Amino acid sequence: MAASTESGAGMGAAHPGVSAAAPLALRIVAQCPVSKARACDLTLPHCTVNTPVFMPVGTQGTMKGITTGQLEDLGCQICLGNTYHLGMRPGPQLIEKANGLHGFMNWKRNLLTMVSLVELSEVTEEGVKFRSPYDGKEILLTPEQSISIQNSLGSDIMMQLDDVVSSTVTGPRVEEAMRRSIRWLDRCIAANKNPDRQKLFAIIQGGLSAELRRTCLEEMTKRDVPGFAIGGLSGGEEKDDFWKMVTLSTDHLPLHKPRYLMGVGYAVDLVVCVALGCDMFDCVFPTRTAPLASAL
Amino acid sequence: MRLELSRVVQGCRRGVLTGLGRSGGHSLELPGCLLYTRCASVPHLTHDTLHTLPHLPPVTQISLDSLAEHQEVLEEFGEGVAKFAGLHDTVLFCSLHDLATPRPSGYNTNKTVSVWGSGGRIELSAARYMALQAAIRPDWYQSLADGETPPSASRKRARKAVDRTLTHLDECLSLHHQTQELRGAEIFGVVEGGDVLEERPELRCQLIAGVTKELPEDKPRLLLGVGCPDEVLACVEAGVDLFESSFPFQVTERGCALCFSFNIEPDPESAVLERNGPQSDGERGAKTQDDPEQMTPFEMNLKDKRYRDDFRPLVAGCECYCCRHHQRAYLHHLLVTNELLAGVLLMLHNLTHYCGFFRALRGALESGRLQALRRRILQREGGV
């Protein structure tokens with residue numbers, strides 16, 4: 001695995017064995033003496049993010065009914081966009097013309113893009129195959145394409161394409177997905193054209209198996225990626241299984257890199273997982289709850 | 001409330017209403033429009049988005065039909081709708097119906113008028129109507145009226161509407177003086193009588209001019225249900241002072257943005273910008289009367305594919321939040337993906353544009369350039 005260094009100008013010399021991914025600055029401001037909780041300043045291209053942070057989900061380049069001005073007033077420093085949705089509509093070429101997703105939606109702060117795919121997709125070594133909901137055409141999304149789209153979107157943090165299985169699945173498929181996610185991570189790192197300004201996060205997989213999680217952690221932490229996500233959880237598993245996987249992951253993740261726990265958004269889970277050492281969270285909970293006439 | 005007319009040009013009244021609201025601290029420039037709401041909330045907007053508007057109409061319109069089924073709640077609350085709905089410091093006008101919402105007809109009787117809430121029909125006697133107004137506590141409200149006189153209505157039906165409305169007005173006025181909660185509120189009488197004459201718009205204006213001629217000079221005239229810019233102009237010439245603003249809302253609901261020009265002093269730069277505007281694309285809605293679903297020539301349809309990669313603001317130089325921050329391509333995307341923000345941004349633009357039109361209209365009356373403004377507005381219809 002060798003990330004391209006050509007575009008890494010201005011980041012200092014790239015040493016052999018050190019990837020071109022500039023370390024993104026994570027300053028630990030305070031640490032809990034009892035738990036693994038920590039407060040950090042995470043420096044990203046558009047502004048510094050104070051963690052622990054909940055990142056609201058703006059799937060299609062907008063936060064449900066809220067202007068970017070209001071989002072700024074709410075103190076939001078980073079929000080999410082969905083690579084798959086935006087890749088389909090309006091498409092990467094158009095967003096590139098609009099100076100990236102920041103320009104398109106007129107958002108001055110940070111963006112994180114992830115690839116969360118439709119349920120009915122078929123995974124091969126090459127990539128994820130799915131049928132377009134708009135024209136019914138079969139589409140193959142490879143790790144390279146997922147990065148290429150995210151390069152067009154210009155997000156500050158990009159997520160690797162991973163092979164996700166539901167946390168309630170057991171058997172050899174879990175290990176296969178974990179191993180494939182590692183191989184796809186390498187392909188994503190190699191495909192990133194802007195490692196200096198777009199930070200690629202790895203996603204730890206391995207289902208509810210401590211052994212598989214450990215293997216994944218060991219492999220992925222060998223890669224010099226700027227941050228890690230804990231994936232494949234929050235899919236209906238028992239809380240007892242869930243927290244064990246979280247704490248196992250944070251035990252093995254490097255201290256000086258941000259940890260992003262995907263799909264967690266209920267208040268109790270947030271507090272518990274902050275105590276277990278996670279820094280970043282996202283969930284559709286608040287944005288999906290409001291249209292159903294519920295207030296938190 | 002006091003009306004001061006500063007100019008009357010060819011039937012058009014330029015003036016100001018002062019001493020408005022219970023505190024008497026508000027004023028309203030004429031001709032002008034009210035701020036349209038549904039259930040006492042400006043559609044799509046919250047307090048903070050609403051207040052990005054550069055000029056908010058000082059009078060807010062609510063309609064009684066959307067509030068009638070909440071009578072008990074409002075009575076228990078006891079402080080009126082303005083506070084209940086968290087409205088800003090505004091003058092509240094309560095109309096009987098929301099004319100932007102279609103409703104069934106044929107339910108009015110000699111004693112009652114029906115309105116429709118989400119739970120169905122509510123039959124209002126003058127007493128019930130006034131009890132509701134007492135719970136709503138508007139600053140202005142219209143008297144109970146039988147307005148069911150579509151163009152097909154017979155002369156006999158129109159006559160009946162007039163008689164009923166007059167009876168309702170007398171009852172409302174008498175109850176008004178007995179109602180503590182309505183002390184200081186102003187009541188607007190409703191002129192009914194059908195639009196037997198008005199199949200054609202010129203005739204409608206003649207009819208309105210005929211009515212306004214009979215009305216006292218020193219009281220404001222509010223016309224509900226007319227909002228399209230060309231019709232507003234014609235009705236101002238027929239002596240009308242005030243209009244609703246449901247038109248920009250209807251434009252928003254069909255995914256469109258108001259883009260007609262009301263600038264009568266174009267500098268060379270904006271003349272160029274206008275040539276690049278939507279009218280040069282040959283896409284203009286056909287002007288059809290009285291169909292709120294139908295696009296008018298005063299707007300652009302942002303769902304159209306041509307705006308997919310159009311990185312210009314909706315209207316160059318527009319000072320609304322949407323035009324200052326976003327581009328047509330983004331609005332197109334929000335509309336295509338059915339995102340809630342589309343309605344928010346379009347409503348902000350359309351309201352700003354519409355209020356701007358009324359400001360331009362007042363300016364034209366002051367400077368004696370109404371004909372130039374009329375040419376500017378009507379020019380759009382020809383697809384220049």
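Residue numbers start from 1 in every chain, and the chains themselves are labelled A, B, ... in the order their sequence lines are given, proteins ahead of strands. Keep in mind that this is a model prediction, so the values were computed, not measured.
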>> Could you check whether E126(A) and T142(A), counting side-chain N and O atoms only, form a donor-acceptor pair closer than 3.5 Å?
In response: no

>> Need one label for T46(B): side chain, backbone, both or neither, based on atoms under 4.5 Å from any heavy atom in chain A.
In response: side chain

> Between F104(A) and Y330(B), does the ring centroid distance fall short of 6.0 Å?
Replying inline: yes

> Roughly how far, to the nearest 0.5 Å, is CD of E79(B) from CG of L74(B)?
Replying inline: 11.5 Å

>> Under a plain distance cut-off of 3.5 Å, with no hydrogens placed, do S114(B) and R121(B) share a side-chain donor-acceptor pair?
In response: yes

> Relative to chain B, which segment of T59(A) carries a heavy atom at a distance below 4.5 Å: side chain, backbone, both, or neither?
Replying inline: neither

> What part of I95(A) gets closer than 4.5 Å to chain B, counting heavy atoms only: side chain, backbone, both or neither?
Replying inline: neither

>> Can you tell me which of P90(A), A98(A), G61(A), G103(A) forms the most heavy-atom pairs within a distance under 4.5 Å of chain B?
In response: P90(A)

